[in-house]
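Below: the structure, in structure tokens.
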Amino acid sequence: MILFKRINDLKKYIIDSREANTTIGFVPTMGALHAGHLSLIRASKNSGYLTVCSIFVNPTQFNDPSDYQQYPITIEQDIRLLEQENCDVLFMPDVQEIYPPDHQKKQYRLGQLELYLEGKYRPGHFQGVCEVVDRLLDIVEPDLLFLGRKDYQQCMVIAELIRLTGKSTRLEIVPTMREPGGLAMSSRNLRLSEADRKRAIAIYQTLQKIKTVIRPGEINQLSKEASATLLEAGFSKVDYVSIAHAHSLAPVEYWDGKTPLVALAAAFLSGVRLIDNISLTED
């Protein structure tokens with residue numbers, strides 16, 4: 001695996017690789033890698049692509065400065081895991097490299113998509129996500145971008161970013177990896193105690209229950225009951241449990257039995273904000 005910290009060095013390598021008609025797969029991360037990240041690396045490698053992974057904790061997507069400061073850093077372990085997966089390239093820039101003094105901040109027209117769910121509770125978050133992903137895609141110029149379904153809304157936002165900017169990169173969404181019991185793998189799980197990890201399983205179980213009981217008709221009550229269940233399970237605060245249109249994320253109050261649905265949740269456990277989602281209308 002080759003490590004680059006400078007954009008110009010990486011771009012020269014990419015240009016040289018392009019001359020050999022190489023297809024490039026890209027996995028952007030903020031580090032603290034786990035099996036979910038590695039499944040993205042594997043998806044790219046298994047397709048025969050030259051695989052580039054980036055590790056960059058992006059300050060512009062944190063609306064809570066303390067969350068940014070507490071984000072786990074595990075660089076040595078990350079490098080070891082990437083080497084074990086035969087990742088080809090690791091791009092590990094610092095903040096000044098990604099956002100130099102002449103960097104021009106853009107405003108991305110995401111419409112209603114950035115007002116729902118994460119957009120409502122983390123204002124400015126998706127603008128920061130778009131800012132860094134736009135920058136990284138310009139640097140790496142990948143053929144394929146691999147993202148995990150756990151960040152469902154983020155996947156939709158980045159799909160819209162690609163459409164808005166006219167980039168030729170194709171988005172590949174990889175299924176959520178889960179710990180035993182169902183907890184979605186996340187770098188934030190490192191901040192949970194063993195007891196909290198067991199309690200955190202309730203977020204997945206609650207979403208699964210919605211899938212089990214949902215029927216055509218009024219479905220508002222299901223979200224309210226799910227929020228109450230999470231509070232009873234030990235979560236200190238529930239930002240949302242939403243049953244939404246799977247393609248627009250608009251909340252659905254009355255289900256016709258045909259509209260594709262997704263259930264999404266965000267809740268705090270011991271100060272750690274966890275998110276998860278499951279499809280309600282597909283296996």
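Scope of the values below: all heavy atoms of this structure, side chains included, with no hydrogens, waters or symmetry mates.
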Side chain to side chain, T29 and C53, heavy atoms closer than 4.5 Å: yes
Any donor-acceptor N or O pair under 3.5 Å, side chains R149, N277: yes
Sequence-distant partners of K167, side-chain hydrogen bond (donor to acceptor under 3.5 Å, both in side chains), two or more places apart: D134, D138
What donor-acceptor contacts under 3.5 angstrom involve side-chain atoms of residues 2-10, with partners at least two apart or in another chain?
from, atom 1, to, atom 2, distance (Å)
R6, NH1, E97, OE1, 3.2

Pairs involving residues 123-132, ordered by first then second residue, that meet salt bridge (Lys or Arg N to Asp or Glu O under 4.0 Å) (sequence neighbours left out): K105-E131
K12: side-chain contact (heavy atoms from CB on, under 4.5 Å) partners, not counting sequence neighbours: D16
By side-chain contact (heavy atoms from CB on, under 4.5 Å) - contacts of A265 (at least two apart): I203, L207, V241
R163 and E160 ion-paired at < 4.0 Å: yes
Pairs touching residues 21-41 that satisfy salt bridge (Lys or Arg N to Asp or Glu O under 4.0 Å), sequence neighbours left out: none
Minimum side-chain heavy-atom gap Q208-I278 below 4.5 Å: yes
Validation row: S187, H34 side chains within 4.5 angstrom (heavy atoms): yes
ring-ring contact (aromatic ring centres under 6.0 Å, His included) contacts in which one or both residues fall within residues 122-162, not counting sequence neighbours: none
side-chain contact (heavy atoms from CB on, under 4.5 Å) partner of S17, the single match among V52, D88, L50, V89: L50
Reference residue I243; test side-chain contact (heavy atoms from CB on, under 4.5 Å); the match among I219, V262, N220, L264: I219
Partner residues of D67 under the side-chain contact (heavy atoms from CB on, under 4.5 Å) criterion, sequence neighbours left out: F62, D64, R122, R188, R191
Those residues that, when tested against D143, pass side-chain contact (heavy atoms from CB on, under 4.5 Å) (two or more places apart): R18, T23, I24
Distance-only donor-acceptor check, side chains Y71 and N58, under 3.5 Å: no
Side-chain polar contacts of residues 249-256 - donor-acceptor pairs under 3.5 angstrom, sequence neighbours left out - could you list them?
from, atom 1, to, atom 2, distance (Å)
W255, NE1, T259, O, 2.9
D256, OD1, K258, N, 2.8
D256, OD1, T259, N, 2.8
D256, OD1, T259, OG1, 3.1
D256, OD2, T259, OG1, 3.1

Cluster link L117 to V272, ILVMFWY, side chain under 4.5 Å: no
Sequence neighbours excluded - side chain to side chain donor-acceptor pair (under 3.5 Å) pairs with any residue from residues 223-232: none
Close side-chain approach of D78 to M92, heavy-atom, < 4.5 Å: no
Residues 109-116 side chain polar contacts: donor-acceptor under 3.5 Å, at least two apart:
from, atom 1, to, atom 2, distance (Å)
E114, OE1, Q127, NE2, 3.2
E114, OE2, Q127, NE2, 3.2

